[in-house]
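The block underneath contains the structure these notes are about, expressed in structure tokens.
Chain letters run A, B, ... following the sequence lines, proteins first, then strands; residues in each count from 1.
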Amino acid sequence: MRKPISVPALAVSYHTPSNPTDPLRLRLLLGSHFAQHVRGKLETDKGFTCTVGISTNKLLSKLVGNSHKPKDQTTLVPPYTTSDGTTDNVTSFLDGHEVGKIPGIGFKLAHKLRAHVLQRRADSDADLVYGSPKENVLVSQVRQAPGLGADALEKILVSPGTPHGIGAKIWGLLNGSDDSEVGRARDVPRQISIEDSYMRLDTLDQVTKELLVLSKSLLKRMHADLLDDEDDVIKAYAFDDVEAAASKPISKRWLAFPKTVRLSTRPRPPLNPDGSRNRSFARISRSAPMPNFVFSLKETVDSLAKRLVVETFLPLFKKLHPEKTGWDLSLVNVAVTNMVDAASEKGGGVGRDIGKMFKRQDDVLRQWTVYDTSVPISGQKSEHDTEMAERVGDEGELGGARSATPKVAEVKMGSEDIPTPSQEEGFLLEDRWESEDEDMIDDDSYRCDECDAIMPIFAMGAHARWHAQD
DNA sequence: GTGGGGGAG
DNA sequence: CGTTCTCCCCCAC
């Protein structure tokens, strides 16, 4: 059952005299051990391979993680800073990247940066929207542009709506510095949306049809993503009596309630005098409170979708497009947002071990819950006009295949984030591994032969060396 | 809370 | 590779 998990043996060849107790080196080493552990576990448990980058912050880890796809890991090795005039590896690694390749620098910001470096401010650059720009501008060119720094960048990059301090942020990225936090995975998304694009959509009739299609799809997504389906558990529980299990009430509960619905469209830009058409991705939207009937588990998705279109989306559409005619939509999007967690646990431990988090759920749900059709709950002063009920048996047509995207944890050991000055090569390290043998306690824990300490496997190499020293 | 901008994958 | 679809965060109002 246990597959041999290899333990890393780093083939490190640093370009500077290496101090084995350098905290940076130790942390990178630990990071690469951990990455190896996670990758190995992901592959043996789930069959997915993945690529990982190891460095001191998200920016650098992510960038260096592009290096050895599809199933290797890469560590950006020291030196991260230099005191003499030589170039550190962070700088030389970053400098070769086109500005737009830096995570956080998207199409708009990259365009402004290129324009500044190339001195072609108001030029109708006509950068390609997708793909690589006509004229590549490297990070080194931006970093070395005369007079450029956080403050100058702030002025260059600001436009209505840009976050404050964007200059400092981008300057940081260009210098390998990134203090953004690693976020915890959420149990439910913040928003669910369905959209489609159209060659031509210019009558209310067509719009109504499309809204219905989109609404059905949205409702199904809500069921798939926001509904706690204990079907499997119940079936397993009554494994020996499938008939009984099937007739048992299936308890489906909403994990979260979106409070807002939103309708967005992308109007097709009017054609120019010369007959061409401007490319525009601008969207406009209107939103409204979520009507509570959508949480009903008794009505069919089809009937709910119709109600949703008539009662919510069409009115929103009229707010969005008051003119009866003259518009043509290239895209329509329907969304639900403002999720309110049904089981919101305070304190730590969010996101994991969802299993026993639902003690409170009855309280949260009470206002929406009706135990069966005939017995409405009295004395409710909530404005919710619709009911949910526990549902029996049948299974609608939910559960369309949704792919489970493997997610890999990123580790942040601390922020080094040192802006750096000056060139060299060979700063990437391909990790290599050999195997050792350990005492397995369970899937994740191992016991040290020497001191009986229990730890995850990725820590054992370092632990053994700790025993071996002096 | 609403509507828009920018970005990632 | 370019395009589409989905999701995220931030901002001003």
Side-chain angles (χ1 to χ4, degrees), chain A residues 50-51 53 58-59 61-63 65-66 69-70 98-113 127-134 153-154 156-170 173 178-199 201 210 213-214 217-218 220-222 224-226 256 258-268 279-290 312 315-317 319-321 329-340 400 402-408 410:
Chain A
C50 70
T51 308
K58 282 204 290 182
L59 196 229
S61 305
K62 187 169 168 51
L63 273 181
N66 292 328
K69 294 182 173 184
E98 209 282 328
V99 272
K101 289 285 200 302
I102 305 301
I105 302 181
F107 173 69
K108 301 274 188 175
L109 294 180
H111 184 80
K112 289 181 183 177
L113 291 172
D127 258 316
L128 277 64
V129 174
Y130 299 113
S132 30
K134 287 256 177 10
L153 273 183
E154 183 80 25
I156 292 167
L157 300 178
V158 282
S159 54
T162 44
H164 287 119
I166 187 158
K169 187 188 151 213
I170 299 302
L173 296 181
D178 170 24
D179 63 1
S180 64
E181 301 272 321
V182 175
R184 191 180 286 279
R186 265 181 294 274
D187 42 353
V188 294
R190 291 195 188 280
Q191 139 185 316
I192 297 173
S193 72
I194 300 290
E195 69 187 36
D196 207 344
S197 51
Y198 306 91
M199 295 279 287
L201 190 58
E210 294 306 326
V213 170
L214 294 172
S217 179
L218 183 64
K220 288 178 188 173
R221 278 291 307 282
M222 285 176 58
D225 289 7
L226 303 181
K259 291 195 308 188
T260 307
V261 272
R262 186 182 60 216
L263 172 67
S264 313
T265 64
R266 184 165 71 204
R268 202 182 304 282
R279 245 213 290 201
S280 167
F281 297 92
R283 294 174 179 216
I284 53 180
S285 70
R286 292 294 181 270
S287 49
M290 175 71 85
T312 304
L316 281 177
F317 185 84
K319 267 171 83 178
L320 212 44
H321 299 281
L329 309 178
S330 62
L331 177 140
V332 177
N333 173 297
V334 295
V336 297
T337 63
N338 287 335
M339 303 291 180
V340 171
R402 304 202 59 246
S403 62
T405 306
K407 289 188 175 159
V408 178
E410 283 183 283

Atom-to-atom span, [atom1] of [X] to [atom2] of [N] - whole angstrom:
{"X": "A:E210", "N": "C:dC5", "atom1": "CD", "atom2": "P", "answer": "11 Å"}
{"X": "A:M199", "N": "C:dT4", "atom1": "CE", "atom2": "C1'", "answer": "14 Å"}
{"X": "A:R262", "N": "C:dT6", "atom1": "CZ", "atom2": "C1'", "answer": "11 Å"}
{"X": "A:L157", "N": "C:dC10", "atom1": "CG", "atom2": "P", "answer": "18 Å"}
{"X": "A:F281", "N": "C:dT4", "atom1": "CZ", "atom2": "P", "answer": "8 Å"}
{"X": "A:R190", "N": "B:dA8", "atom1": "CZ", "atom2": "P", "answer": "18 Å"}
{"X": "A:F317", "N": "B:dG3", "atom1": "CZ", "atom2": "P", "answer": "15 Å"}
{"X": "A:K58", "N": "C:dC8", "atom1": "NZ", "atom2": "P", "answer": "14 Å"}

ask   = Among all residues two or more places apart in sequence or in another chain, which pass the ring pair (Phe, Tyr, Trp, His ring centres under 6.0 Å) test with A:F317?
value = A:H321, A:W327
Side chain of [X] only, heavy atoms from C-beta on: which candidate in [options] is closest?
{"X": "A:I192", "options": "C:dT6, B:dG1, C:dC7", "answer": "C:dC7"}
{"X": "A:P189", "options": "C:dT6, B:dA8, C:dC7", "answer": "C:dC7"}
{"X": "A:P163", "options": "C:dC11, C:dC5, B:dT2", "answer": "C:dC11"}

Validation row: A:M222, A:P258 side chains within 4.5 angstrom (heavy atoms) = yes
A:R221 and A:I194, any side-chain heavy atoms less than 4.5 Å apart = yes
inquiry  = Quick check on B:dG1: is either OP1 or OP2 less than 4.0 Å from any side-chain nitrogen or oxygen of A:T260?
reply    = no
key: Short side-chain N/O contact from A:R221 to OP1 or OP2 of C:dC5, under 4.0 Å   = no
List every contact pair, protein side and nucleotides 4-6 of chain B side both N or O, where the distance is under 3.5 Å.
unit_1, atom_1, unit_2, atom_2, d
B:dG4, OP2, A:S285, N, 2.6
B:dG4, OP2, A:S285, O, 3.4
B:dG6, OP2, A:K108, NZ, 3.4

query = Hey, is the main chain of A:N338 close enough, under 3.5 Å, to the side chain of A:K259 for a donor-acceptor pair?
reply = no
task = Salt-bridge test for A:K169 and A:E154: reply yes if a basic N is under 4.0 Å from a carboxylate O, no otherwise.
result = no
message = Is a donor from one side chain sitting under 3.5 angstrom from an acceptor on the other, for A:S264 and A:R283?
response = no
message = My understanding is that only residues two or more places apart in sequence, or in another chain, count here; which of them pass side-chain hydrogen bond (donor to acceptor under 3.5 Å, both in side chains) with A:R262?
response = A:Q191
task = Could you tell me whether A:L331 contacts a base, only the sugar-phosphate backbone, or nothing, with contacts defined as non-hydrogen atoms closer than 4.0 Å?
result = nothing
task = Could you check whether A:N333 gets within reach of a base, just the sugar-phosphate, or nothing at all, counting any heavy atom under 4.0 Å?
result = nothing
